[in-house]
2 protein chains.
Amino acid sequence: MTSTPRNQRADAQRNRERILAVAAAVIEEQGTEASLRDVARRAEVGLGTLYRHFPTREALLEALLRQRFDLLAERARTLAGAAPHEALVEWLRSFVAGAGAYRGLAASMMATINDEGSPLHASCHAMRQAGGRLLERAQAAGEVRADVTGLDLFALASAVSWIADQAPSLAARGDHLFGLIMDGLRPPERLTGPAPTRAAPA
Amino acid sequence: MTSTPRNQRADAQRNRERILAVAAAVIEEQGTEASLRDVARRAEVGLGTLYRHFPTREALLEALLRQRFDLLAERARTLAGAAPHEALVEWLRSFVAGAGAYRGLAASMMATINDEGSPLHASCHAMRQAGGRLLERAQAAGEVRADVTGLDLFALASAVSWIADQAPSLAARGDHLFGLIMDGLRPPERLTGPAPTRAAPA
DNA sequence: ACCTGAACACCGTTCAAGT
DNA sequence: ACCTGAACACCGTTCAAGT
């Protein structure tokens, strides 16, 4: 039940599942740039078989990650009922956690933004759209600067994941950096309009 | 005069310079992960000759970048006389520009943080130290949040460079993202203490 | 001293040959 | 219909042999 088994020969489907299971382990170890040869070897499958099931590295990643992306999109829709800013921050935290699933994943996801041919593009895009609505809601409530685009936000969130990828000493600061950035996206001042909760300005 | 020619045979020195000149061009095209074989080929030099002069990719990068790093460190010392926050922001802008010299350079620099064996480590470290003093000065003046470490700052600045590396559409937002982050690092409120302009620190 | 390039152990990707 | 692995064109790195 990895996705839609379709009408496949039994051996084909078994191979597909073996490849996915092994790929998850190998990419967990080596990151998104893991050796596909190694995956095929460990799955005890011919190299051509791997390519037949997953013509590109992105196709393989997509199969491994689609469910996670779909859940994130779903989560964004659920959070649309919560307090705007808190919803956005909580969702982005999940996004960063997701992008940290594999080393190199932040870069892989980033690469899909302009590459519409990538199999990762569709599921990433849908997820970003869903998250983008949380941003707009927070902005409409005056709780996030108006000059932040959805792309800005995903770039920054992915960057936090990337930083954590670079070194353990940086990974330990991940939450802190995330907090710094999120704080920084709040509107600088609140010259007019009602007080948000009780923050008496000046 | 690429660095210290030492007492070398004339052909050795000529080779070294050829390699550096070609490497600058190839890395400009392909990024910091450029093919070293390609460098040797285009420099019309044996592969072993390249490795003899630059035993690692980092050694080659270091030779290409040391002057730039030294200038950045120098610039930090010069700016130590200017207004604290402006000095920090201006210097970081130069840092980001430097990290954007080659695709992948932000990642290469980030990798040196924990790898003290890397030839890039020394010059990067000195530069970061110099920049770190500008951060401390800005913090002492109450113009940057106290919970930002030097490592945080370099991670964030490098991340901006990384983002710009990922796609042209992101690169166009580089300045904006830099501004967002810098704004965000200002202290959230100023409950006590004198006005920021001319803040005599105790 | 220094240079060279073959040698080794890896890649990603394709595709003829098999079942 | 699917699988296999050799083949091709690349890597990084080392090192015996040359000058």
Side-chain angles (χ1 to χ4, degrees), chain A residues 2-23 26-27 29-64 103-104 107-108 111 115 117-120, chain B residues 2-23 26-27 29-64 103-104 107-108 111 115 117-120:
Chain A
T2 47
S3 86
T4 24
R6 278 292 197 81
N7 278 4
Q8 285 180 120
R9 258 167 43 175
D11 57 342
Q13 185 176 339
R14 208 178 45 235
N15 278 337
R16 195 190 135 88
E17 277 160 22
R18 287 175 64 85
I19 291 168
L20 276 176
V22 169
V26 173
I27 292 175
E29 287 171 27
Q30 306 179 14
T32 58
E33 300 302 319
S35 160
L36 298 182
R37 241 192 175 80
D38 211 22
V39 172
R41 234 164 1 218
R42 291 211 224 171
E44 290 175 315
V45 140
L47 200 36
T49 302
L50 188 150
Y51 274 92
R52 161 172 271 265
H53 285 284
F54 306 102
T56 63
R57 163 175 255 111
E58 285 72 34
L60 181 55
L61 279 175
E62 200 268 345
L64 285 175
R103 222 160 1 105
S108 299
D115 178 10
S118 164
L120 274 171
Chain B
T2 47
S3 83
T4 24
R6 280 294 197 82
N7 277 4
Q8 285 180 121
R9 257 166 45 175
D11 58 342
Q13 185 175 339
R14 208 177 45 234
N15 278 336
R16 196 190 135 87
E17 277 161 22
R18 285 175 66 84
I19 290 168
L20 277 176
V22 169
V26 172
I27 291 175
E29 287 172 26
Q30 306 179 14
T32 58
E33 300 303 319
S35 160
L36 298 182
R37 242 194 173 78
D38 211 23
V39 172
R41 237 169 353 224
R42 290 211 225 171
E44 289 175 317
V45 139
L47 200 36
T49 303
L50 187 150
Y51 274 91
R52 160 171 271 265
H53 285 284
F54 306 102
T56 64
R57 163 174 255 112
E58 285 71 35
L60 181 55
L61 279 175
E62 200 268 344
L64 285 175
R103 221 158 4 104
S108 299
D115 178 10
S118 164
L120 273 171

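Residue numbering restarts at 1 for every chain, and letters A, B, ... go by the order of the sequence lines. Not measured: the values here are computed from a predicted model. Hydrogens, waters and symmetry mates are skipped; everything else that's a heavy atom, side chains included, is used.
For the OP1/OP2 pair of D/dC2 and a distance below 4.0 Å, the side-chain nitrogens and oxygens of A/Asn15 include no atom meeting the criterion. Side-chain nitrogen and oxygen atoms of A/Arg41 include at least one within less than 4.0 Å of the OP1 or OP2 phosphate oxygen of C/dC11. Look at B/Ser35 and you won't find any side-chain N or O under 4.0 angstrom from OP1 or OP2 of D/dC10. OP1 and OP2 of D/dC2 both lie 4.0 Å or more from every side-chain N or O belonging to A/Arg9.
Taking every heavy atom of both residues into account, A/Val45 and A/Leu50 meet most closely at CG1-N, 4.0 Å.
Atom pair A/Tyr51:OH and D/dA1:C1' shows a separation of 21 Å (rounding to whole Å applied). Atom C1' of nucleotide C/dC10 and atom CG of A/Leu36 are separated by 14 Å, given to the nearest angstrom. In this structure, B/Glu58 places its CD atom 12 Å from C1' of D/dG12, rounding to the nearest Å. The interatomic distance linking A/His53 (NE2) with C/dT13 (P) rounds to 17 Å, in whole Å.
A 3.5 Å limit on both hydrogen-bonding distances identifies C/dC15 as the Watson-Crick or G-U partner of D/dG5.
Among the nucleotides C/dG12, D/dC3, D/dT13, the one closest to any side-chain atom of A/Ala12 is D/dC3.
For the pair B/Arg52 and A/Arg37, both in contact range of DNA chain C, the more 5′-proximal nearest nucleotide belongs to B/Arg52.
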